J.: 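Here you go, one structure.
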Amino acid sequence: MLPDSTALDTGAAPDGRLCAPSAERNIDPILEVLADVAPQRGRALEIASGTGQQIVRFAAARSQLEWQPSDAASERLESIRAWIRFAGLSNVRAPILLDAAGEWPAGLLPCDLVIAVNLLHLVTQEAVRAILANMAEALAPGGVFCLYGPFLRGGVFAGEGDRVFHAALKEQDPRIGYKDADRVEAALVCAGLEDIIRHEMPAANLMITARKPSVA
């Protein structure tokens with residue numbers, strides 16, 4: 001179970017939908033980047049789908065992609081299912097239980113798009129290495145990886161709010177906290193990805209995108 005990083009609306013809808021207010025705030029700026037970098041068709045995997053409210057927006061906006069939600073917490077899956085039912089979308093699969101740092105089911109591969117939102121600061125550095133390696137292996141040639149969240153820049157916090165949030169995460173688990181964007185981008189290069197772009201996002205967050213080389 002990941003430590004708490006966003007306040008959930010504990011008053012769940014009667015159909016079981018949970019809502020994370022911060023997730024709702026993230027969606028529109030993320031969609032703007034996806035409009036530029038995401039493939040038009042294929043299979044899209046969201047790592048750590050959480051409540052499920054984001055993936056139905058992604059799927060509605062990129063309707064030619066077949067979306068696969070996933071989460072490492074089994075208790076989140078019902079909320080994801082409820083959001084899928086509520087949205088009435090035919091291009092979203094049933095959610096699966098997935099520890100992104102562990103072994104990925106062969107049936108998930110290959111992916112034309114993998115997206116992770118607000119994940120890396122909630123896991124250990126060891127897990128980050130495994131997640132990035134798994135993701136790179138899972139991408140089809142020409143596939144795109146999108147990574148959104150708060151990061152250090154050259155070891156420096158973007159603002160005092162980030163410093164406070166990082167300290168709170170460390171209190172919950174000293175092994176987690178903000179990761180440095182420079183090191184993440186270097187890891188993506190080592191994993192064989194290219195076209196790495198750092199997109200400045202609202203609230204001092206970043207969206208890092210990368211592409212797996214196409215087969216020559």
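Because the structure is predicted, anything quoted here is derived from the model rather than measured. By convention here, the first residue in the shown sequence is residue 1. Worth knowing before you read on, the calculation uses all heavy atoms, side chains too, and leaves out hydrogens, waters and symmetry mates.
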J.: Do I96 and I55 belong together in a cluster built from hydrophobic side chains that touch within less than 4.5 Å?
T.: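 Not linked; separate clusters.
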J.: Given 3.5 Å as the limit, does a donor-acceptor pair link the side chain of D112 with the main chain of G143, or not?
T.: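 A pair under 3.5 Å: no.
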J.: Is there a side-chain contact between I115 and I47 in this structure, where contact means two heavy atoms from C-beta onward sitting under 4.5 Å apart?
T.: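 Side chain of I115 against side chain of I47, heavy atoms only: no contact under 4.5 Å found.
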J.: So does L18 get a backbone contact from the side chain of W83, meaning a donor-acceptor N/O pair under 3.5 Å?
T.: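 Flag set: sc W83 to bb L18 pair under 3.5 Å.
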J.: What I'd like to find out is whether the side chain of L31 reaches to under 4.5 Å of the side chain of R57, using heavy atoms alone.
T.: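 When only atoms from C-beta onward are counted, R57 and L31 do touch, with a gap below 4.5 Å.
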J.: When you check the gap from the basic side-chain N to the acidic O, do E194 and K212 get nearer than 4.0 Å?
T.: no
J.: If you round to the nearest 0.5 Å, how far is OG of S79 from CZ of R17?
T.: 8.5 Å
J.: Should M207 and L122 be regarded as members of a common hydrophobic cluster, given that ILVMFWY residues are connected when their side-chain heavy atoms come within less than 4.5 Å of each other, either directly or indirectly?
T.: no
J.: Does any non-hydrogen side-chain atom of C146 lie less than 4.5 Å from one of V114?
T.: no
J.: I'd like to know whether H121 forms a ring-ring contact (aromatic ring centres under 6.0 Å, His included) with F151, so could you lay out the CA-CA distance, the side-chain angles of the two residues, the decisive distance to 0.1 Å, and finally the verdict.
T.: CA-CA 8 Å; H121 58 291; F151 292 91; 8.1 Å; no
J.: Could you tell me which non-hydrogen atom of L45 sits nearest to which non-hydrogen atom of C111, and how far apart they are?
T.: CB-SG, 4.0 Å
J.: Classify the angle between the aromatic ring planes of H166 and F157 as parallel (below 30°), tilted (30 to 60°) or perpendicular (above 60°).
T.: tilted
J.: Minimum heavy-atom separation for Q53 to A23, with atom names?
T.: CD-CB, 3.9 Å
J.: Hey, does the side chain of D71 reach the backbone of G50 with a donor-acceptor pair shorter than 3.5 angstrom?
T.: yes
J.: What are the two closest non-hydrogen atoms of M201 and P29, and how far apart are they?
T.: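 Taking M201 first and P29 second, the nearest heavy atoms are CE-O, 3.3 Å.
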J.: One thing to verify: whether R129 and E126 come together as a salt bridge, which I'm taking to mean a side-chain N less than 4.0 angstrom from a carboxylate O.
T.: no
J.: Indicate, with yes or no, if L119 and M135 share a hydrophobic cluster defined by side-chain heavy-atom contacts under 4.5 Å among Ile, Leu, Val, Met, Phe, Trp and Tyr.
T.: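 Result: yes, single cluster for both.
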J.: Flag the pair I84 / R93 as yes when at least one side-chain heavy-atom distance between them is below 4.5 Å, and no otherwise.
T.: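 Side chain of I84 against side chain of R93, heavy atoms only: no contact under 4.5 Å found.
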J.: Roughly how far apart are R41 CZ and S63 OG, rounded to 0.5 Å?
T.: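 Answer for the CZ-OG pair, R41 versus S63, is 9.0 Å.
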J.: Give a yes or no answer on whether the side chain of Q68 reaches the backbone of A94 with a donor-acceptor pair at less than 3.5 Å.
T.: yes
J.: Which pair of non-hydrogen atoms, one from L89 and one from V56, has the smallest distance, and what is that distance?
T.: CD1-O, 3.3 Å
J.: If we only count heavy atoms from C-beta on, is the E32 to D36 side-chain gap below 4.5 Å?
T.: no
J.: Can you tell if the side chain of V92 reaches within under 4.5 Å of the side chain of P69, non-hydrogen atoms only?
T.: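 Of all side-chain heavy-atom pairs linking P69 with V92, at least one is under 4.5 Å.
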J.: I'd like to know if V33 and L120 are part of one continuous hydrophobic network [Ile/Leu/Val/Met/Phe/Trp/Tyr, side-chain heavy atoms within less than 4.5 Å].
T.: no
J.: Name each donor-acceptor pair under 3.5 Å that joins a side chain in residues 97-109 to protein atoms two or more places apart or in another chain, with its distance.
T.:
unit_1, atom_1, unit_2, atom_2, d
D99, OD1, A101, N, 3.1
W104, NE1, A100, O, 2.8

J.: Could you grab the distance from atom CD of E137 to atom CG of L132, nearest 0.5 Å is fine?
T.: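 Reported value, rounded in 0.5 Å steps: 13.0 Å.
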J.: Suppose the criterion is side chain to side chain donor-acceptor pair (under 3.5 Å): which pairs have a residue in residues 141-150, not counting sequence neighbours?
T.: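 Those involving residues 141-150 are N26-Y148, Y148-N205.
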J.: Go through the steps to decide whether I197 and I208 satisfy the test side chain to side chain contact (heavy atoms under 4.5 Å, CB included), and finish with yes or no.
T.: CA-CA 6 Å; I197 301 174; I208 298 172; over 6 Å; no
J.: Does any non-hydrogen side-chain atom of I30 lie less than 4.5 Å from one of V117?
T.: yes
J.: When rounded to the nearest 0.5 angstrom, what is the spacing between CG in L206 and CG in L147?
T.: 9.0 Å
J.: If hydrophobic clusters are built from ILVMFWY residues whose side chains come within less than 4.5 Å, do I27 and I80 share one?
T.: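 Per the 4.5 Å side-chain linkage, I27 and I80 are co-clustered.
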J.: I need the minimum non-hydrogen distance between S214 and P141, along with the two atoms involved.
T.: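 Shortest heavy-atom separation between S214 and P141 comes out as CA-CB, 4.1 Å.
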J.: I need the single residue from R198, R153, K179 that forms a salt bridge (Lys or Arg N to Asp or Glu O under 4.0 Å) with E185. Which is it?
T.: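 Of R198, R153, K179, salt bridge (Lys or Arg N to Asp or Glu O under 4.0 Å) with E185 is met by R198 alone.
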J.: Please examine the side chains of L113 and L65, heavy atoms only from C-beta on, and report whether any two atoms are closer than 4.5 Å.
T.: yes
J.: For the OG atom of S49 and the CZ atom of R76, what is their distance to the nearest 0.5 Å?
T.: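 Rounded to the nearest 0.5 Å, the OG-CZ separation comes to 11.5 Å.
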J.: Determine the minimum heavy-atom distance between V123 and I131, stating which atoms define it.
T.: CG2-CD1, 4.2 Å
J.: Yes or no on side chain to side chain contact (heavy atoms under 4.5 Å, CB included) for L193 and R211, after CA distance, side-chain angles and deciding distance?
T.: CA-CA 5 Å; L193 302 189; R211 187 179 306 274; over 6 Å; no
J.: Does CZ belonging to R183 count more than 12 external heavy atoms closer than 6.0 Å?
T.: no
J.: Take the angle between the ring planes of W67 and F58 and call it parallel below 30°, perpendicular above 60°, tilted in between.
T.: tilted
J.: Determine whether a donor-acceptor pair (N or O, by modelled atom type, separation under 3.5 Å) exists between the side chain of N91 and the backbone of E66.
T.: no
